[in-house]
Amino acid sequence: MTILRLALSELKRMTGGILPKLTIVAMVMVPLLYGAVYLYANWDPYGNLDQLQAAVVVQDEGAVTKDGKELRVGEEVAQTLIKDHKFDWQLVATPEEANNGVKDGEFAFALIIPKDFSTNLASPENFDSATQAMMSVTTNDANNYLLTSIVDKVATQVHASVAQQVGEQTANSLLTGYGTIHAQLVKAADGAQQLADGAATLDTGVGTLKGGTSDLLTGAEQLAAGQKDLVAGTKQLQAGASALNTGLGQLETKTATLPDDTQQLSDGAAAVSGGNAALNSKVQGAIGSAEKLDDAVNTAINNKLDSLVTDGTLTQEQASTIRTRLETAATSPAISDLKNQLSASAEDVQKLATGAAAVADGAKKLAGATPALTTAIEQAHAGAGELSTGAGTLADGQLTALDGAEALAAGAKKLDTGAGDLKSGSSKLSSGANELAKQLRSGSGSVPNPNDKDKENAAGVIADPIRIDSVSQAQAANYGSGLAPFFLVLALWIGAFMLVQVMRPLTVRALASNAPSWKIAIGGWLPFAAVATAQALLLYAVVHFGLGLEPSHPWLTLGLLMLASLAFTALIQGIVALLGTPGKFVVLILLVLQLVSSGGTFPWQTTPEPLHIMHQVLPMGHVVEGMRHLIYGSEIAALVPIVLGLLGYMVLGFVMAWAAVHQKKTWTLKTLMPEMEA
C-alpha cells in the first residue's frame with residue numbers, strides 16, 4: 001500500500017457523504033472564521049473613533065497679556081478638536097450636563113475647560129504668580145474599559161498641543177523682552193561710551209591741571225627760594241647802604257679841600273707842560289745838530305782822503321779802504337744804538353710834552369668839575385642815608401613776603417598732591433568707564449535681539465525643543481496589519497487543532513496492513529496537510545483581497561503560511577497519534593502556552609522569564625516573527641532558521657507519528673476497547 005493510496009483512502013472515507021463533506025468545508029473555514037473575522041473587526045478601530053460622541057465644555061473667560069493681546073485659548077482648543085474630528089465632539093453648556101451625559105452613556109467622555117484656563121496659561125508672564133492651567137476629563141469604564149486609555153492619549157495630545165501653543169506665546173514674549181533688554185543695553189553702552197569719552201576728556205584736563213599744579217609747585221618753591229635769596233640780598237643791601245652812607249660821609253669830609261688841591265694840580269700841570277715843550281724843542285735841536293755834525297765830519301774826511309790821494313800820500317785803494325772802515329765804524333751798533341736812543345728820547349720827550357699838555361688840560365677840567373663833584377658827594381651821602389633806611393624797610397617787607405611765598409609753596413604742594421590723586425582717580429574713572437562701555441556693548445551682543453521671523457522660529461523651538469524624526473525600518477499600515485502576523489499564525493494552529501477533532505491521525509485499515517510504519521505515518525498526515533493547505537490559501541486570499549493586507553513579500557508570505565500549516569498539522573497529528581485523546585489536551589495546552597509566549601501583542605521579552613523558554617522551544621512565536629519580516633518588508637535573512645525550525649517540527653511530528661504506528665501495530669485489549677474514544 002503506497003502513501004498516496006493511504007491518504008486517498010482516508011480522504012475518500014471522510015467525503016463519503018454530504019455531512020462529512022460539509023465537515024471538511026467547515027474545517028477549512030475554521031482559521032478563516034477565527035483569523036479573518038477577528039482581523040476584520042479590529043482592522044482599524046482608531047479610524048472609527050469619530051463615531052464616538054464626546055462632550056466639550058468651554059468655560060474659559062479669556063485673558064489679556066501684558067502686550068495687550070487677548071487670549072481665548074479654551075475656545076481655540078474646542079474649535080481645533082471639532083475641526084480635527086477625531087471624535088464626534090459636541091459643545092455642551094455646563095459641566096453637569098456633560099458629566100450626566102457620560103454617566104448615562106450618551107457621551108463616551110467629557111473634556112471640561114475651566115474659567116481661568118487662559119488666565120493661568122498667560123500667568124508665566126509674571127514669574128511670581130505663574131500657575132498651571134488645568135483641564136478635566138470625565139470617563140466611565142462602564143462605557144468601555146479601553147476607552148479610558150484612548151482618552152488619556154487624546155488628553156495628552158491636547159495638553160501637548162496647548163502647551164506648545166502657549167509656550168510659543170510665552171517664548172515670543174520672552175524673546176521680545178530680550179529685544180527690549182538688548183536695545184536698552186545698547187543705549188546704556190552708548191551712554192557709558194559718552195561717559196568714557198567725558199572721563200577721557202576729564203582725565204586729559206586733570207592731566208593738564210596736574211602739569212599746571214606741578215609747575216605752580218615748582219614756581220612757588222622757586223619763588224620761596226628766590227624770596228629767601230631776596231631777603232638775604234636786602235639784608236646785604238641794607239648793610240651795603242649803611243656802609244655806603246658811612247663811606248660817603250667820610251668821602252665828603254675828605255673832599256672838602258679837593259677844589260683847592262685840584263687848582264694847584266692844574267697850575268703845576270700847566271708848568272710841567274711848558275717845560276716839556278721847551279725840552280722837546282732843545283732835543284729836536286740837538287738831533288739836528290748831530291745830523292749836521294755827522295754830515296760835516298763825513299765831508300771833511302772825504303775831502304782829506306781825496307787830498308792825500310792827490311798828494312800821493314795814500315793810494316786810491318788805501319783811501320777806499322779807510323773810507324769803508326770809517327763808514328763801517330759810523331754804522332757800528334754802538335753808534336746806531338746811540339742814534340736810536342737819541343731818537344727814542346726825542347720821541348719820549350715829545351710824548352711827555354703831549355701828555356703834559358693833556359694832563360694840564362685834564363687838571364684844568366678837574367679843577368673846574370671838583371666843586372660839582374663835592375656837591376654830588378654831598379647829595380650821594382644824603383641819598384645813601386635814605387637808601388639805608390629804605391633797605392631796612394624793604395628787608396622787613398621781604399621777610400613778610402618770604403612767609404607768604406613759603407605758605408604759597410606749601411599750598412601748591414597740597415594742590416599738586418590733590419591734583420595727582422585726582423589724576424589717578426580720573427584715570428581709573430576713564431578706564432572703568434571704557435570697561436563699562438566695553439562690557440555693556442559685549443553684554444548687548446550676548447543678549448538676543450531677534451527679528452520677527454527669528455522670534456517665531458526660536459519660540460517654536462523653545463516651546464517644542466525636541467522633534468523626533470521617526471525612521472521606521474518596517475512599519476505596519478494600521479492596527480489590523482499590526483495584529484495580522486499573530487492572528488494568521490494562531491488561526492492556522494487552531495485550524496490544525498480542529499482537524500484532529502474530526503479526522504483520525506492514523507488509519508485503522510493501514511495499521512492492519514503490512515505497510516511500513518513510516519508510510520502509514522506520512523499517509524495519515526497527508527489528509528491533514530491537504531486540508532491545512534486549503535485553510536492557508538483561503539485565509540490568505542480573504543485577508544489579502546478582502547481586508548486589504550498588502551505584504552511586502554506576498555509570495556513568501558503565502559509560502560511561509562503554507563509551511564507553517566504543514567508543520568503545525570505534522571506536529572499536532574504526531575502528538576495526537578502518539579498520545580490519543582489525551583494528546584488533544586496536550587495540543588490545547590500548547591495553544592495556551594503559545595498564546596502567552598509568542599509575543600503576538602506585546603514583545604515576548606516583556607513576559608515572565610519561564611515563558612521565554614516556551615517562546616524559544618515552541619514554533620508559533622518564530623513563525624509570527626517571520627510573518628512580520630515578510631509583511632512589513634524587513635530583513636528576510638532571519639527566515640532561514642525559521643524555515644529550518646518548521647522543517648524540524650515536521651520531522652518531529654513524523655517521528656512521533658512513526659512511533660505511534662509502531663506502537664499501535666500490536667493489537668491489545670486496550671486497543672480494541674480504549675478508555676476514551678477519539
Side-chain angles (χ1 to χ4, degrees), residues 6-7 9-11 13-14 20 23-24 26-28 30-31 34 489-513 515 517-532 535 564-598 610-611 613-623 645-646 648-678:
L6 288 174
S9 175
E10 181 63 15
L11 288 174
R13 182 192 68 80
M14 292 174 57
T23 301
I24 292 297
M27 290 300 101
V28 171
V30 166
Y34 184 82
V489 177
L490 179 62
L492 293 179
W493 183 275
I494 293 174
F497 176 65
M498 292 302 297
L499 289 179
V500 297
Q501 306 301 319
V502 297
M503 296 173 65
R504 293 182 299 185
L506 295 175
T507 304
V508 177
R509 180 182 176 187
L511 290 173
S513 68
S517 298
W518 66 271
K519 287 186 177 182
I520 297 174
I522 295 177
W525 167 73
L526 285 179
F528 286 86
V531 178
Q535 289 177 341
S565 297
L566 297 176
F568 291 168
T569 53
L571 186 61
I572 292 173
Q573 183 243 2
I575 292 173
V576 176
L578 183 63
L579 300 178
T581 300
K584 297 179 181 180
F585 183 68
V586 172
V587 173
L588 181 61
I589 292 175
L590 292 177
L591 172 62
V592 174
L593 290 176
Q594 292 181 107
L595 280 174
V596 296
S597 67
S598 62
L611 295 179
I613 300 175
M614 298 295 101
H615 175 80
Q616 299 293 343
V617 172
L618 298 176
M620 187 181 295
H622 299 290
V623 180
L646 289 176
Y649 287 119
M650 290 178 64
V651 173
L652 178 61
F654 294 154
V655 170
M656 289 189 292
W658 172 82
V661 171
H662 185 73
Q663 178 185 6
K664 292 180 179 181
K665 270 192 174 268
T666 303
W667 294 73
T668 63
L669 182 61
K670 186 176 180 179
T671 303
L672 297 174
M673 299 182 63
E675 295 178 0
M676 295 180 62
E677 290 290 342

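In this text, all values refer to a predicted model and were calculated from it rather than measured experimentally.
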Undergrad: What pairs with Phe654 under ring-ring contact (aromatic ring centres under 6.0 Å, His included), at least two apart in sequence or on another chain?
TA: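 Applying ring-ring contact (aromatic ring centres under 6.0 Å, His included) to Phe654 gives Trp525.
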
Undergrad: Backbone N or O of His615 within a donor-acceptor pair of the His622 side chain at under 3.5 Å?
TA: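 Judged by distance alone, yes, a pair lies under 3.5 Å.
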
Undergrad: Within this structure, what is the CD1-NE2 distance for the pair Ile520 and His662, rounded to the nearest 0.5 Å?
TA: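 Spacing of CD1 (Ile520) from NE2 (His662) equals 11.5 Å.
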
Undergrad: On a heavy-atom basis, which atom in Ile572 and which in Phe497 lie closest, and how many Å separate them?
TA: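 Closest pair (atom of Ile572, atom of Phe497, distance): CD1-N, 3.8 Å.
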
Undergrad: Please list, chain by chain and in numerical order, all residues satisfying side-chain contact (heavy atoms from CB on, under 4.5 Å) with Val586, sequence neighbours excluded.
TA: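 Once residues adjacent in sequence are excluded, the partners of Val586 under the side-chain contact (heavy atoms from CB on, under 4.5 Å) criterion are Ile575, Leu579, Leu590.
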
Undergrad: For the residue pair Val661 and Ala521, what are the closest heavy atoms and their distance?
TA: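 What the structure gives for the nearest pair is CG2-N, 3.9 Å.
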
Undergrad: Where do Gly524 and Gln573 come nearest, in terms of heavy atoms and distance?
TA: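 It is C-NE2, 3.4 Å.
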
Undergrad: Which heavy atom of Pro619 sits nearest to which heavy atom of Leu646, and what is that distance?
TA: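 In this case the closest contact between Pro619 and Leu646 is CB-CD2, 4.4 Å.
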
Undergrad: To check you understand the geometry: which heavy-atom pair defines the closest contact between Phe568 and Val623, and what is its length?
TA: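 It is CZ-CG2, 4.3 Å.
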
Undergrad: The test is side-chain contact (heavy atoms from CB on, under 4.5 Å); show your working for Thr569 and Leu499 and say whether it passes.
TA: CA-CA 8 Å; Thr569 53; Leu499 289 179; 4.3 Å; yes

Undergrad: For the pair Leu578 and Gln663, evaluate side-chain contact (heavy atoms from CB on, under 4.5 Å) and give the outcome as yes or no after the intermediate values.
TA: CA-CA 8 Å; Leu578 183 63; Gln663 178 185 6; 3.9 Å; yes

Undergrad: Atom CZ in Phe528, atom CZ in Arg504: separation rounded to 0.5 Å?
TA: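 Those atoms lie 10.0 Å apart.
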
Undergrad: Report the C-alpha separation of Trp493 and Leu571 in whole Å, then their side-chain angles, then the decisive distance to 0.1 Å, and conclude whether the side-chain contact (heavy atoms from CB on, under 4.5 Å) test is met.
TA: CA-CA 10 Å; Trp493 183 275; Leu571 186 61; 4.1 Å; yes

Undergrad: Kindly compute the distance separating CG (Leu566) from CG (Leu526), expressed to the nearest 0.5 Å.
TA: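 If I round to the nearest 0.5 Å, the distance is 9.5 Å.
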
Undergrad: What are the two closest non-hydrogen atoms of Ser597 and Met614, and how far apart are they?
TA: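 Of all heavy-atom pairs spanning Ser597 and Met614, the closest is OG-CB, 3.7 Å.
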
